[in-house]
2 protein chains.
Amino acid sequence: MSELAKPTLDDVARAAGVSTATVSRCLNAPDLVIAATRERVMQAVEALGYTPDFGGRALASRRTNTVGAIIPTMDNAIFARGLQSFQEALSRFGKTLLVASSGYSPAREREQMEVMAGRGVDGMLLIGSARPEASVEFLRRRGIPFLGAWNLGGEDGYFVGFDNRAAAAGLTEAVLARGHRRLAMIAGITYMNDRAADRMEGVRSAAEQAGIGADQLPVIEAAYTFDDGAKAFGELMALSPRPTAVLCGNDVLAVGALQKARELGLRVPEDVSITGFDDIDLASVVDPKLTTVRVPHNRMGEAAAEMLIKLISKQPVERRIEIPTEIIERGTLGPPPADPAV
Amino acid sequence: MSELAKPTLDDVARAAGVSTATVSRCLNAPDLVIAATRERVMQAVEALGYTPDFGGRALASRRTNTVGAIIPTMDNAIFARGLQSFQEALSRFGKTLLVASSGYSPAREREQMEVMAGRGVDGMLLIGSARPEASVEFLRRRGIPFLGAWNLGGEDGYFVGFDNRAAAAGLTEAVLARGHRRLAMIAGITYMNDRAADRMEGVRSAAEQAGIGADQLPVIEAAYTFDDGAKAFGELMALSPRPTAVLCGNDVLAVGALQKARELGLRVPEDVSITGFDDIDLASVVDPKLTTVRVPHNRMGEAAAEMLIKLISKQPVERRIEIPTEIIERGTLGPPPADPAV
DNA sequence: ATATGGAGTGTAAGCGCTTACATTAGTTTG
DNA sequence: CAAACTAATGTAAGCGCTTACACTCCATAT
């Protein structure tokens, strides 16, 4: 019941009648110790309720079995889901997760990098690739292996993620195939957010391909909230000629748009089509259900864990792993209205 | 560009021409060092790109400035949101968050406790109070301060959370006030989950109060998915007499129920009323919008961080902080049908 | 002038662990 | 049967940091 002094390796060694080295070996490389001794040691460990001290271990071995993840925010289903899978996979490899959030700020991300570096993380998971070169340099200097996730990055570095650009282009093509010519987009904020930027690029390039120039494709950037999506949608609907299809950078914006459409008395998809991106739970709960792009965040989390583990243990790895996405056609995409209102 | 050996306190001391003790003091208690010296040291720190080594520091000071949180899963909006706020608040106090998930298993929770204890966390955040006594005992023995969150716990221990029982009872009273007499409940799984159990208890006691015994109140426990909510709702609707109001243990179940109702051709709330719990984003996105109980997870996360910090620094704290909840009446609760189908 | 005290800094002893190397005992081999 | 291994364990040197204590000044009190 009382707050016992924490037992140390020394205590265990004394109790088992062996040296500290032997105890250490029992814990880290059991094969080196003969069975009888090992058993005696393990009994002592059990009896004393010993658990190794992390600080001592980290100091002596120069390893921490810890990996860090810096995400924009946990309060976003897509990161939460990915992170959960990442953590589970890590845990299977005996690694612990250190989590920090940057709130989408490169400066805060850098701060957190330094905190984590100081804690001796063996590796680090970052989101995307849009960050100051100095931050990347910092990690390299420290020799900390790291990974960009959620997209596929640029020239160098390791990545596991999605081809956001191609997926957005694919979806746009599906919209065009239905006969829409007057498209519009509600994009996520693209500043220092390559996922949002890539999706925007994808839509633009597919439109261009179909002969719809950037000047004929209104785009509004909106923050990750229903309200901002709704507001942007309202602005788009006030345009003349009015777009017949609105592509949204994510499902949250799309749901906001959907709500606004109802409010405006516009039927979806009869009067206007709306598409999302991510396929979060929300997407199949609204009415009509969202036509969107499925992005398997949990598979990505797992793949990221595996890749990072390999990087840490210096096993060979591919530079980038692409997780395939999939267009999910549900109820919010239809043909354009026969006689579109102007 | 090359992978430099990480600079140590010694390097800084040498560069600044002082002893390691002085450097350490500059970093931890700057007031003890005269300005001129401090400046010289800080310059050396900057020049070498020094960051303190966590292992060394933890070993020498017996403090880690780390707190652990063990939650069932991040992949659940309510925990993700609470954890995000918790982490932000912690970060303001210079603490880092170690996250692990138990997947709702007491055994895995215990494992994670040991991992975290080994890492020398200064304190720990747990969810609820339903866990084997041995787990609690373990933490006490180790002298690790901890906190139950998301509910208000039992006799001893510290808690910051909600009175799930009272909130559920309050909602039930609102339902009864509309004239419903034939209630039913879709509860979360109550095994080792005090939040789910308390909510169930709350509904039962309020019903009892109104003369509706447990035998007249069908309850189905369902896992945290739309499908399970839908399935349970289907079973409930097959009952005779059919319930006129279905109280759900959380919003996810309620949304599942809502979908099933539509599928069955039942109008909500004209034919049957449905209520949720938590007020996650989903609740105000479905149609009609969910009548539910708002549970401010972010305020709770913050309060939890403050409480834990106090506990760690041995400041006096109240044993429990209750975060008030609020009934949000939206569209899924109405009066019972005049001539209820049987 | 001498004693006193406080401020600033240095010295050095660990914190609990891992691991290179040394030692011992037991097993093969020529 | 001695030499040469091999396997199991012990010895002890740190890993990078904090901090109790010691020391040196120099301002102030006597």
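All chains are named by letter (A, B, ...) in the order of the sequence lines, taking the proteins before the strands, and each is independently numbered beginning at 1. For the numbers below, each heavy atom of this structure counts, side chains included, while hydrogens, waters and symmetry mates do not. These figures come from a predicted structure and were not determined experimentally.
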State whether a side-chain donor-acceptor pair under 3.5 Å links [X] with [Y].
| X | Y | result |
| --- | --- | --- |
| Glu39(B) | Gln43(B) | no |
| Glu109(B) | Ser135(B) | no |
| Ser102(A) | Gln112(A) | no |

Roughly how bent is the helix from dA1(C)-dT30(D) to dG30(C)-dC1(D) end to end, in steps of 10 degrees, with each end axis from five pairs? 40°

Send over the distance from [X] [atom1] to [N] [atom2], rounded to a whole Å.
| X | N | atom1 | atom2 | value |
| --- | --- | --- | --- | --- |
| Ile34(B) | dG6(C) | CD1 | P | 17 Å |
| Arg40(A) | dA8(D) | CZ | C1' | 12 Å |
| Asp31(A) | dA8(D) | CG | P | 10 Å |
| Leu32(A) | dG10(D) | CG | C1' | 14 Å |

Qualifying residue for side-chain hydrogen bond (donor to acceptor under 3.5 Å, both in side chains) with Tyr224(B), from Asp75(B), Asn76(B), Thr73(B), Asn193(B): Asn76(B)

More than 12 heavy atoms of other residues, nucleotides or ligands under 6.0 Å from OH of Tyr191(A): yes or no? no

Protein-nucleotides 16-21 of chain C N/O pairs closer than 3.5 Å?
{"unit_1": "dG16(C)", "atom_1": "N2", "unit_2": "Gly56(A)", "atom_2": "O", "d": "3.2"}
{"unit_1": "dC17(C)", "atom_1": "OP1", "unit_2": "Tyr50(A)", "atom_2": "OH", "d": "2.3"}
{"unit_1": "dC17(C)", "atom_1": "OP1", "unit_2": "Asp53(A)", "atom_2": "N", "d": "3.1"}
{"unit_1": "dC17(C)", "atom_1": "OP2", "unit_2": "Leu9(A)", "atom_2": "N", "d": "2.3"}
{"unit_1": "dT18(C)", "atom_1": "OP1", "unit_2": "Asn28(A)", "atom_2": "ND2", "d": "3.0"}
{"unit_1": "dT18(C)", "atom_1": "OP1", "unit_2": "Arg57(A)", "atom_2": "NE", "d": "2.9"}
{"unit_1": "dT18(C)", "atom_1": "OP1", "unit_2": "Arg57(A)", "atom_2": "NH2", "d": "3.4"}
{"unit_1": "dT18(C)", "atom_1": "OP2", "unit_2": "Ser24(A)", "atom_2": "OG", "d": "2.7"}
{"unit_1": "dT18(C)", "atom_1": "OP2", "unit_2": "Asn28(A)", "atom_2": "ND2", "d": "3.4"}
{"unit_1": "dT19(C)", "atom_1": "OP1", "unit_2": "Arg63(A)", "atom_2": "NH2", "d": "3.3"}

If you look at every heavy atom in Tyr158(B) and Met307(B), which pair is closest and at what distance? CB-CE, 3.6 Å

Thr64(B) versus Val121(B), closest heavy-atom pair with distance: OG1-CA, 3.9 Å

In Å, rounded to the nearest 0.5 Å, how long is the span from OG1 of Thr51(B) to CE of Met113(A)? 13.5 Å

